[in-house]
Amino acid sequence: MGQCLHFGKSVQDNGYGLFREMLDYKLAWKGKKMVKVDRFFPSSKKCCKCGRIKKELKLSERVYHCERGNEMDRDRNAAINIREEARRMLTA
C-alpha cells in the first residue's frame with residue numbers, strides 16, 4: 001500500500017506504531033513492562049563480552065570480531081547487547 005499510493009514509509013511506520021501500542025497494552029494487562037532502548041544505542045558496535053565499542057563497523061561485516069578474541073554473528077551480538085541494556089534500564 002505504501003508503494004502504490006506513494007505514501008512511502010509513513011504507512012509502514014504507522015503499522016509499527018500500532019503494533020507497539022498493542023504490545024504495550026498486552027504486556028500491561030499481564031502485569032509486565034515494555035522497555036524501549038534508545039535507537040542510538042551502539043548495540044552492533046559494542047562487544048557483548050568486554051564492552052569495547054568499535055568506531056567503524058560496516059554493514060557488510062556480518063561477523064563481529066573483537067580485539068580480545070570474541071567472534072560471533074553480528075545480529076546475535078546486538079541482540080545480547082539490547083537485552084543487557086534493557087535489564088540495566090529496569091534495575092536503574
Side-chain angles (χ1 to χ4, degrees):
M1 184 170 141
Q3 293 174 342
C4 296
L5 299 175
H6 305 290
F7 289 136
K9 288 180 69 177
S10 64
V11 172
Q12 295 168 347
D13 291 344
N14 190 16
Y16 183 70
L18 184 60
F19 170 74
R20 280 183 41 190
E21 284 181 23
M22 288 181 187
L23 183 62
D24 196 27
Y25 165 76
K26 290 289 185 179
L27 288 170
W29 189 47
K30 296 274 187 177
K32 300 184 186 232
K33 185 178 177 183
M34 180 165 47
V35 179
K36 298 170 192 143
V37 177
D38 184 29
R39 65 185 276 190
F40 296 110
F41 177 71
S43 60
S44 294
K45 294 182 177 184
K46 183 177 178 181
C47 178
C48 65
K49 301 290 183 187
C50 68
R52 285 187 149 180
I53 298 175
K54 283 188 170 187
K55 292 181 183 177
E56 292 283 327
L57 185 64
K58 296 178 184 175
L59 193 56
S60 61
E61 295 179 43
R62 300 312 305 161
V63 177
Y64 183 86
H65 298 281
C66 181
E67 296 172 2
R68 295 190 178 175
N70 181 25
E71 286 189 24
M72 64 173 31
D73 181 65
R74 174 190 176 138
D75 295 334
R76 181 171 172 79
N77 181 57
I80 292 169
N81 285 330
I82 290 170
R83 180 190 67 196
E84 294 305 316
E85 177 65 10
R87 285 181 178 169
R88 187 197 63 77
M89 290 169 66
L90 283 172
T91 59

Engineer: Would you mind listing the cluster partners of Phe41? Hydrophobic ones only (ILVMFWY), side-chain contacts under 4.5 Å, chaining allowed.
Structural biologist: Val35, Val37, Ile82, Met89, Leu90

Engineer: Can you list every pair that meets side chain to side chain donor-acceptor pair (under 3.5 Å) and has a residue in residues 29-41, with sequence neighbours left out?
Structural biologist: none

Engineer: Who clusters with Tyr25? Use side-chain heavy atoms, under 4.5 angstrom, across I, L, V, M, F, W and Y, and order the result by chain and number.
Structural biologist: none

Engineer: With salt bridge (Lys or Arg N to Asp or Glu O under 4.0 Å) as the rule and sequence neighbours excluded, what pairs involving residues 78-87 come up?
Structural biologist: Glu84-Arg87, Glu85-Arg88

Engineer: Report the distance from atom CD1 of Ile53 to atom OG of Ser44, rounding to the nearest 0.5 Å.
Structural biologist: 11.5 Å

Engineer: Name each donor-acceptor pair under 3.5 Å that joins a side chain in residues 55-72 to protein atoms two or more places apart or in another chain, with its distance.
Structural biologist:
unit_1: Glu61; atom_1: OE2; unit_2: Lys58; atom_2: N; d: 3.3
unit_1: Arg62; atom_1: NH1; unit_2: Leu59; atom_2: O; d: 3.3
unit_1: Arg62; atom_1: NH2; unit_2: Asp75; atom_2: OD1; d: 3.2
unit_1: Arg62; atom_1: NH2; unit_2: Asp75; atom_2: OD2; d: 3.0
unit_1: Tyr64; atom_1: OH; unit_2: Lys45; atom_2: O; d: 3.3
unit_1: Tyr64; atom_1: OH; unit_2: Cys47; atom_2: N; d: 3.2
unit_1: His65; atom_1: ND1; unit_2: Glu71; atom_2: OE2; d: 3.4
unit_1: Glu67; atom_1: OE1; unit_2: Arg52; atom_2: NH1; d: 2.5

Engineer: Under the 3.5 angstrom rule, does the side chain of Asn81 hit a backbone N or O of Asn77 as a donor-acceptor pair?
Structural biologist: yes

